[in-house]
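This report refers to the structure that appears directly beneath it.
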Amino acid sequence: MTSGTTLGARGRAAPPGSGTLAADTDPQVARIARTPEFQQLVQERTRFGWILTILMLVVYFGFIGLIAFDKALLAVKVGGTASLGLFMGVFVILFAFALTGVYVARANTRFDALSDALKRSVGR
């Protein structure tokens with residue numbers, strides 16, 4: 001095999017530019033993809049991921065917007081020598097960690113339950 005070639009669904013060399021989800025996809029993979037449990041899992045994970053992404057983008061670009069357009073607000077001294085900007089910057093970082101924790105908690109509960117239901121339905 002030459003470098004740059006990809007393998008198709010059954011290990012054969014696939015022509016460049018052809019996707020692995022073409023007509024020769026493994027029938028079992030296609031059967032799993034058609035199950036309602038799989039579609040529900042994909043839909044919920046996608047929706048939840050977009051919600052968390054939008055929240056993080058709003059917080060991050062809100063902070064960057066304050067840096068660009070209201071430097072005086074960020075320069076306000078809070079608690080002695082620290083400025084409001086410092087606390088807001090730390091908040092952005094902690095918010096990212098919190099969103100990660102929220103995703104992990106959701107993945108360990110709801111998404112794992114949906115995955116288990118999918119395994120049971122496919123195992124039949």
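These numbers were taken from a predicted model, which means no experiment stands behind them. Computed from heavy atoms alone, side chains included, the values below leave out hydrogens, waters and symmetry copies.
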Can I get a per-line list of side-chain donor-acceptor pairs under 3.5 Å for residues 46-57, giving both atom names and the distance, sequence neighbours left out?
unit_1: T46; atom_1: OG1; unit_2: V42; atom_2: O; d: 2.7
unit_1: T53; atom_1: OG1; unit_2: G49; atom_2: O; d: 2.7

Considering only residues two or more places apart or on different chains, which pairs with a residue in residues 56-76 satisfy salt bridge (Lys or Arg N to Asp or Glu O under 4.0 Å)?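 Output for this query is empty, none listed.
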
Does anything in residues 90-116 pair up under salt bridge (Lys or Arg N to Asp or Glu O under 4.0 Å), and if so which pairs, sequence neighbours excluded?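 As it turns out, the salt bridge (Lys or Arg N to Asp or Glu O under 4.0 Å) pairs with a partner in residues 90-116, which skip direct neighbours, are E44-R110.
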
Is V122 close to R31 at the side-chain level, that is, under 4.5 Å between some pair of heavy atoms?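 R31 reaches V122 side chain to side chain.
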
Indicate the atoms forming the closest heavy-atom contact of I32 with T35, along with that distance.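 What the structure gives for the nearest pair is O-OG1, 2.7 Å.
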
Considering residues at least two apart in sequence or located in another chain, which fulfil the side chain to side chain contact (heavy atoms under 4.5 Å, CB included) criterion with A107?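 For A107, the residues satisfying side chain to side chain contact (heavy atoms under 4.5 Å, CB included) (neighbours in sequence not counted) are Y103, F111.
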
Any residue meeting side chain to side chain contact (heavy atoms under 4.5 Å, CB included) with I67, in chain and number order, not counting sequence neighbours: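 Side chain to side chain contact (heavy atoms under 4.5 Å, CB included) list for I67, sorted by chain: F63, I64, L74.
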
All N/O donor-acceptor pairs, side-chain side in residues 79-100, below 3.5 Å, sequence neighbours left out:
unit_1: S83; atom_1: OG; unit_2: L86; atom_2: N; d: 3.4
unit_1: T100; atom_1: OG1; unit_2: A96; atom_2: O; d: 2.9

Between CD of Q39 and CG of L114, what distance do you get to the nearest 0.5 Å?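 One gets 12.5 Å once the value is rounded to the nearest 0.5 Å.
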
